[in-house]
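Reviewing the structure listed below.
If you read the sequence from its start, that first residue is 1, and numbering goes on from there.
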Amino acid sequence: MSGHDEWFEAFRSPPQANATLFCFSHAGGSAAMYHAWARRLPTLQVVGVELPGRMRRLASPLFTDFDALLDALVLAMESRLDGEFAFFGHSLGALIAYEAARRLSRQPAALCVSGCLPPSLAGREEGISSLSDEAFLAEVARYDGLAEEVLQHEELLELVLPILRADFTVYESYRPKGGAKLDCPLMVMGGDADPQVEVESLLGWADVTTASVVQRIYRGSHFFIHERSEDMLMDIEALLGEHALPRIGGQAEVPARLEV
């Protein structure tokens with residue numbers, strides 16, 4: 001067993017799987033959010049990326065610097081790249097997935113980014129990580145991703161707050177670096193009512209790759225990923241089948257719709 005296995009949560013190993021989909025979660029999230037995806041994608045090995053300081057890695061120190069986190073993640077991932085693979089990331093996870101794709105020795109066959117500003121704009125809005133607990137939570141609540149029961153439960157809040165603050169600090173420390181563009185297909189996904197990531201801003205993602213770019217806009221706010229997961233998975237399968245991994249899903253066509 002590799003010493004880096006704590007970074008990865010492989011939910012199941014379908015016998016017909018011929019590629020791996022690495023999934024990166026949003027700020028404050030964990031690999032567990034992708035558990036249900038493993039049942040929905042029988043031709044893929046779904047692997048959630050678990051950052052330190054949460055779930056089974058609760059005892060590991062949280063990262064607060066983007067580049068330091070990426071250095072550690074890339075080191076851990078290199079030993080996992082022994083076959084075909086693709087990346088999906090939501091919000092902060094999309095930015096991490098993109099930078100990991102740039103820094104690894106091999107690029108993914110496809111990259112799917114969801115609910116995230118393009119690198120040219122990311123990390124530049126006014127920081128909230130240094131606010132008081134009350135002010136910080138008020139800002140986080142604008143993303144509609146923190147359940148009311150967590151906000152009202154003191155013990156849960158004490159557990160979640162340091163993770164959220166660290167992850168937002170990671171995001172705010174991000175600064176895009178120059179270098180070659182990716183050459184893998186890209187799918188950009190957004191919510192039509194996301195107040196944090198306006199649909200028009202998603203166009204900036206087209207600058208990060210020399211390969212094809214597909215945009216999908218779904219009804220919903222920042223966490224449309226929860227309500228529209230079935231539609232998203234259908235689009236991801238189609239992208240991989242048509243553009244990136246021909247053995248997955250045959251020659252399925254990417255749906256022409258831009259809104260579902």
Could you go through R40 and M234, starting from their C-alpha distance and side-chain angles, then the distance that decides it, and tell me whether this counts as side-chain contact (heavy atoms from CB on, under 4.5 Å)?
CA-CA 9 Å; R40 175 61 179 78; M234 182 176 68; 4.3 Å; yes
Tell me, yes or no, whether the heavy-atom count around E227 atom CD, taken from other residues, nucleotides or ligands under 6.0 Å, exceeds 12.
yes
Answer whether the closest heavy-atom distance between the side chains of [X] and [Y] falls below 4.5 Å.
X    : Y    : answer
S221 : F223 : no
C116 : W205 : yes
R54  : L62  : yes
F168 : L131 : no
F88  : L21  : yes
L202 : I217 : yes
R39  : V46  : no
L95  : Y171 : yes

Output the distance between atom [atom1] ([X]) and atom [atom2] ([Y]), rounded to the nearest 0.5 Å.
X    : Y    : atom1 : atom2 : answer
E9   : E6   : CD    : CD    : 12.0 Å
M55  : I163 : CE    : CD1   : 9.5 Å
S30  : R57  : OG    : CZ    : 12.0 Å
E50  : F24  : CD    : CZ    : 12.0 Å
L73  : W7   : CG    : CH2   : 5.0 Å
S114 : R216 : OG    : CZ    : 13.5 Å

Closest contact, heavy atoms only, [X] versus [Y]:
X    : Y    : value
K181 : D207 : CE-O, 3.0 Å
V197 : G115 : CG2-O, 3.7 Å
S25  : M33  : CB-SD, 3.4 Å
R106 : D82  : NH1-N, 4.2 Å
P118 : G204 : CB-C, 3.6 Å
W37  : S229 : NE1-CB, 4.2 Å

Would you say the side-chain atoms of [X] pair up with the backbone N or O of [Y], donor to acceptor, closer than 3.5 Å?
X    : Y    : value
D167 : G28  : yes
D65  : V170 : no
S212 : P185 : no
E99  : L70  : no
T209 : C184 : yes

When hydrophobic residues are tied together by side-chain contacts of less than 4.5 Å, even through go-betweens, does L69 share a cluster with L58?
no
Do M187 and L203 belong together in a cluster built from hydrophobic side chains that touch within less than 4.5 Å?
no
Tell me whether the centres of the aromatic rings in [X] and [Y] are closer together than 6.0 Å.
X    : Y    : answer
F85  : F87  : yes
F224 : H90  : yes
H26  : Y143 : no

Evaluate the criterion side-chain contact (heavy atoms from CB on, under 4.5 Å) for residue pair L240 and T43; output intermediate values, then yes/no.
CA-CA 11 Å; L240 299 184; T43 57; over 6 Å; no
Using the side-chain contact (heavy atoms from CB on, under 4.5 Å) rule, take I96 and V49 through it: C-alpha gap first, then chi angles, then the decisive distance, then the call.
CA-CA 10 Å; I96 293 173; V49 177; over 6 Å; no
Tell me whether the guanidinium CZ or amine NZ of R165 lies under 6.0 angstrom from the six-membered ring centre of F136 and within 45° of its axis.
yes
Should D67 and K177 count as an ion pair when the cut-off is N to O under 4.0 Å?
yes
Decide side-chain contact (heavy atoms from CB on, under 4.5 Å) for V208 and R102; before the verdict, give the C-alpha distance in whole Å, the side-chain angles of both, and the deciding distance to 0.1 Å.
CA-CA 10 Å; V208 309; R102 294 186 69 213; over 6 Å; no
